[in-house]
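See structure below.
Not measured: the values here are computed from a predicted model. As the structure lists them, so they are numbered: ligands from 1, and atoms in each ligand from 1.
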Amino acid sequence: MDSDRNLPAMAIDAHRSLEITVDGELVGVDDETSTLLDVLRAAGKTSVKDGCSPQGQCGCCTVLVDGQPRVSCVTPVRRVRGREITTVDGIATGDVARWINAFAETGGSQCGFCTPGIICRFEGLRSRGASHDDRDAAADALLAHMCRCTGWQPVVDAWVAFPTATRVLRSAGASHRAELEGGSAQSTASDVAIGRGGFSDDTAPAGALVAALDTSTEEWVVAGTRAEALRLAGKVQGRRTTAEFSPPIEMPEGDWVQTLRTTWTEPGYLETDAAWCLPGGQPVSPLENGGAFGGKVDSDVGAVARRLADDHGHAVRVLYSREDVVRRGPKRPPLAAGVRADGTGLVRVARTAGIADVIAAAASGLDVEEVDVPGPRTSAAIRGAGWLEMAVLSAGLRGEVGWITSPGGGSATAAVAADGSIAVNVRCGAPLDETILRSYCIGAAHMGLGLVTSESLGVDADGVIHDLTVRSFGILRAVETPTINITIEPDDGQPVNGSDAVMAAVAAAAWLARGCPQDWPTG
Ligand code: FES
Ligand code: FES
C-alpha cells in the first residue's frame, strides 16, 4: 500500500526567507527548516551526496562553509545564512583538476560516491597548511568519512600525490577491469572523483516526486521534496547499540579440530538504494555505477519507482535512507562450521537461497545444514558469502594461507607481517589497468581484514537489528588500516576477477595471524 495523503507537497512559498552563496552564486532558500544538504541537492549540486543523512557519519555530504569543511546533512540551512558555501564544483579550476589527477593517478576513487566530500575535507586540510607528505594528517582528516571501496590507502595516496599529479590517460581496458572487480558497470572516467559517476538519484528529472518508506507501516510516502517525504514517513533517527551480541548459530559438540562462527554483517555500500522512473517507462537501476558488493542485486527500488510513477502519472524518485538499507537490505549469512582432521565436517548456515550450493562447491567434504535464524534478510550474492569462510577454514586446517582461488577465477595469497602490514599477491589474467586493479585489491584486503576482525551487526534473539547507523558496522577506519602491499603477478591470460580472492586470502591471513579464534569478529 502506498499513501498519497501528502500530495502535492512540492508547492513552496514563493517568499524566500534567506540566501546563501553556493559556488559563487546566490541561492534563495524557501524553507528555513531544511538542511544545507537538501538545499544544495535541490539547487542541482549533485556532487554533494547523501550516504547517511541525517546521521552525519559518512562524510559524503561534506562541503566548505567559509572555507572550513562541514557535514551538510546535519547543518540547518539557517545556520549558514549569508555564508559562502563551496562544493567540489566551486573549488578553483586548477585545484580541482589536480584533485582529479591525484585520485586518477592513485586509484583513490572507485564508485566515487565518497570522493567529492573527501576532496572538500582535503581542501580544508590544505588551507591549514598540512604537508602532503603527512599521511597521518590525511588519515586523521578521514575520520569524518567513510569509503567502502578503496581501503583508504589509495585515498591517502591521492593526498600525497596532489602537488605533482598530472593528467592520467586511462588504458582501454580500465572499464573492463573495473566491471570485473565491481561486478557491475562502473565508470572509470576522471570526473567520477568529482561525483559525476552517474548515480541514479543524481540523474532524476527536476521536479520528480520523491518517495520515502514509512517503516512503521511499510508504505511508501510520496511528496514533492525529500525532506517532506521523510517528514511524512515519520522517519526516526536510528541508533547504534553498545550491547554485545554473539554469533547466532551454535555448533554441536564434535571432534572438530577447527571451528568458526560468524555473525550478521552489512555490505556497507555508501550509495543507498535509489531509482527513478517516468510514467510508463523503465526505471533507472540502482546499479548505474557500482555493484554494491552484491547488496543491490534484488533491490526493490526500481519496481517501486515504476509502480509509483504509473500511479501518480509523474516521475518518481525512490530512495532508501541509511536505516532502510540496514533494515531491508541483505546481509552476509551467518554460519557455524566445524572441521575434523580428515577434512570432513559440518556447516550450519542461516537459511539463504543458493548458499548451500555455494558452500558445497567450495568445501565438498562438509555437510551443509540450513537453519532458521531470526534476523535480517540474507543473500548468497553478498561478496564472498559462504565460499570465503570455507576457504578460510581450509587455510586454518592446513595452517597456511596458500593460494586461494575464488569462484570468479582469480587467485591470491596473503601474509600479515609482525608490524601488521599485509602483503598480497594476486593473479587474475591480464591486469588491463594496474592502478585500478591495485585499488580494488586494496579495498578487498581492507574488507577481508574487517570481516575477520571488526565487522558485525547487532541483532537480538528476536531478529531485531540494533545497529542502524553507518558507523555501527565496524568498518575499519583509515587510521586503523595497516599498510597493504599488492603484487600483481605477471599474467597475459584471460582477465578475471582478482579482488574477491584477495578478500578471502587476507581474511585467511588475518585469522591465522590471530591464532584462528572461533568467533568473528575477533576484535
Ligand atoms: S550524508 Fe551527511 S554525513 Fe552522511
Ligand atoms: S570510492 Fe569511496 S565509497 Fe566508493
Q.
Is it the case that the ring center of F199 lies less than 6.0 angstrom away from the ring center of F113?
A. yes
Strictly below 4.0 Å, N to O, side chains only: are [X] and [Y] in salt-bridge contact?
X    : Y    : value
D50  : R322 : no
D324 : R327 : no
K45  : E25  : no
R83  : D66  : yes
K331 : E266 : yes
K296 : E271 : yes

Which ligand 2 atoms does [X] reach within 4.0 Å, using its non-hydrogen atoms?
X    : value
Q110 : 1 (S)
G112 : 1 (S), 4 (Fe)
L270 : 3 (S)
R148 : 3 (S)

Q. Measuring from I488:CD1 to N425:CG, what's the distance to the nearest 0.5 Å?
A. 10.5 Å
Q. Quick one: are R167 and E105 in side-chain contact, heavy atoms under 4.5 Å?
A. no
**Q.** Side-chain heavy-atom pair T188, I436 within 4.5 angstrom cut-off
**A.** yes
Going by the atom numbers of ligand 1, which of them fall below 4.0 Å from some non-hydrogen atom of [X]?
X   : answer
D50 : 1 (S)
V71 : 2 (Fe), 3 (S)
G51 : 1 (S)
C73 : 1 (S), 2 (Fe), 3 (S)
C61 : 1 (S), 2 (Fe), 3 (S)
S53 : 1 (S)

Q | Closest to atom 3 (S) of ligand 1 (judged by heavy-atom distance), picking from P54, A144, G59, S72 | A | G59
Q | Angle at atom 4 (Fe) of ligand 1 (to 10°), with one arm to SG of C58 and the other to SG of C52 | A | 110°
Q: Could you grab the angle centred on atom 2 (Fe) of ligand 2, going from SG in C114 to SG in C147, to 10°?
A: 100°
**Q.** C60 near atom 2 (Fe) of ligand 1: N/O/S under 2.8 Å
**A.** no
Q | Contact with ligand 1 for Q57, non-hydrogen, under 4.0 angstrom | A | yes
